[in-house]
Amino acid sequence: YDQTIDKGSMLVSSSNQVPSGNVPVDVSDTTIGGFYFDVKGEPVQVSSFTLNFTFTGTGTSSDVTGVKLYNATGNIAAGPKDPGSGVVVWTDTWTIPVGEHHYFVKAKLDTSFVSNDTVQVSVDPDSLITAKGEVTGLTITPTPTTAVTSNGQTVKAGSMAVSMSSTPFGQNVVRGVNGYHFGTVI
């Protein structure tokens with residue numbers, strides 16, 4: 001009998017585990033996107049993965065640092081790497097097991113980003129992911145043939161307003177009094 005050993009396959013889509021939402025500035029490992037991988041036939045070894053960034057507002061790729069790709073168990077699959085010209089190219093080799101898996105893109109957005117700026121990450125699986133079957137060693141061309149874009153994130157820079165209450169009114173204090181209420185911060 002002649003038998004043909006076929007290679008595995010990999011489908012990439014946006015992960016529903018990273019919905020559109022708000023992200024802070026100046027916080028390491030902030031989740032800015034996610035991808036879902038459906039691997040069939042054999043585990044897939046990824047040796048190159050190019051991530052594209054899209055921004056609106058004041059922030060740019062030079063204001064993003066420490067971009068990493070995490071698997072669902074919290075382990076780093078690729079990175080850290082800083083983007084250049086809106087792109088991160090990971091050349092770490094990592095394996096995606098057979099089955100359905102979510103991976104998360106995390107980074108630090110510096111303080112050049114202001115409220116209501118947006119960031120979005122994408123990948124073009126068939127041209128920007130280099131992969132092969134772990135068992136067969138054959139090249140696997142991930143699908144689809146169009147870009148897959150994660151859900152967009154909106155920057156919400158933290159702010160706080162502090163003022164003093166008008167009570168208690170100015171008054172004299174006797175020395176040695178414990179627990180005296182000097183003022184109220186609101």
Side-chain angles (χ1 to χ4, degrees), residues 9-39 44-97 99-132 139-159:
S9 66
M10 181 170 72
L11 171 70
V12 182
S13 60
S14 180
S15 173
N16 62 4
Q17 291 190 5
V18 182
S20 293
N22 298 328
V23 293
V25 295
D26 212 27
V27 176
S28 297
D29 294 335
T30 297
T31 302
I32 59 171
F35 296 98
Y36 164 84
F37 296 89
D38 187 4
V39 174
V44 174
Q45 288 181 333
V46 177
S47 58
S48 179
F49 188 105
T50 301
L51 188 68
N52 292 303
F53 286 80
T54 303
F55 303 97
T56 62
T58 60
T60 67
S61 61
S62 62
D63 304 319
V64 179
T65 57
V67 182
K68 301 175 205 127
L69 187 67
Y70 283 83
N71 64 21
T73 60
N75 295 316
I76 297 174
K81 204 153 197 190
D82 296 342
S85 301
V87 174
V88 164
V89 180
W90 289 305
T91 54
D92 308 298
T93 297
W94 46 285
T95 302
I96 305 172
E100 300 174 354
H101 303 280
H102 294 270
Y103 283 75
F104 308 99
V105 178
K106 298 185 179 191
K108 180 179 181 180
L109 307 177
D110 79 11
T111 55
S112 297
F113 286 90
V114 297
S115 285
N116 299 319
D117 283 1
T118 64
V119 60
Q120 200 164 24
V121 292
S122 64
V123 64
D124 191 346
D126 68 319
S127 63
L128 298 178
I129 297 176
T130 303
K132 69 178 182 177
T139 298
I140 293 175
T141 303
T143 57
T145 58
T146 56
V148 173
T149 303
S150 70
N151 292 317
Q153 304 301 314
T154 303
V155 173
K156 293 296 181 186
S159 65

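Note that this is a predicted model, so its numbers are computed, not measured.
- Residues Asp82 and Val88 approach most closely at C-CG2, 4.2 Å, considering heavy atoms.
- Here CG of Leu69 is found 9.5 Å from CD1 of Ile76. Values are rounded to the nearest 0.5 Å.
- Enclosure of atom NZ in Lys132 is not indicated, since only 12 or fewer non-hydrogen atoms of other residues, nucleotides or ligands lie within 6.0 angstrom.
- Applying the salt bridge (charged side-chain N to carboxylate O under 4.0 Å, His left out) rule to Asp26 yields the partners Lys108; only residues at least two apart in sequence or on another chain are considered.
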Notebook entry, point to check: Should Val155 and Val25 be marked as a side-chain contact (heavy atoms from CB on, under 4.5 Å) after you check the CA-CA gap, both sets of side-chain angles, and the distance that decides it?
Noted result: CA-CA 7 Å; Val155 173; Val25 295; 3.4 Å; yes

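- Taking 4.5 Å as the limit, some side-chain heavy atom of Val119 sits within range of a side-chain heavy atom of Leu109.
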Note to self: side-chain contact (heavy atoms from CB on, under 4.5 Å), that's the test. Do Ile129 and Met10 meet it? Break it down for me.
What the structure shows: CA-CA 10 Å; Ile129 297 176; Met10 181 170 72; 3.9 Å; yes

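- The two residues Ser112 and Thr58 come nearest to each other via the heavy atoms O-OG1, 2.7 Å.
- Side-chain contact between Val121 and Phe35: present, with at least one pair of heavy atoms (C-beta onward) separated by less than 4.5 Å.
- Put simply, CG on Leu11 and CG on Asp38 are 6.0 Å apart, with the number rounded to the nearest 0.5 Å.
- Contact detail for Asp29 and Lys106: the closest heavy-atom pair is O-CD, 3.6 Å.
- Taking the side chain as every heavy atom from C-beta outward, Val39 and Pro97 never approach each other to under 4.5 Å.
- With sequence neighbours excluded, no residue forms a side-chain hydrogen bond (donor to acceptor under 3.5 Å, both in side chains) with Asp126.
- At least one side-chain heavy atom of Val67 sits under 4.5 Å from a side-chain heavy atom of Trp90.
- Tested against Thr56, the residues Asn116, Asp117, Thr154, Thr118 include a single side-chain hydrogen bond (donor to acceptor under 3.5 Å, both in side chains) partner, Thr118.
- A pairwise comparison of heavy atoms in Val44 and Ser9 identifies CG2-O, 4.4 Å as the closest pair.
- Between atom CG of residue Asp63 and atom CZ of residue Phe113 there is a gap of 5.5 Å, rounded to the nearest 0.5 Å.
- Listed here is the closest heavy atom pair of Phe55 and Ser61: CE1-N, 3.3 Å.
- Residues Ile96 and Tyr103 meet the side-chain proximity criterion, which asks for heavy atoms closer than 4.5 Å.
- With rounding to the nearest 0.5 Å, the separation of CZ in Phe49 from OG1 in Thr130 is 11.0 Å.
- Of the possible polar contacts, none joining the Asn16 side chain to the Pro19 backbone as a donor-acceptor pair under 3.5 Å is found.
- For the residue pair Asp92 and Trp94, the shortest heavy atom distance occurs at O-CD1, 3.2 Å.
- To the nearest 0.5 Å, atoms OG1 (Thr149) and CG (Asp124) are separated by 9.5 Å.
- Atom CD in Gln120 sits 8.5 Å away from atom OG in Ser14 (nearest 0.5 Å).
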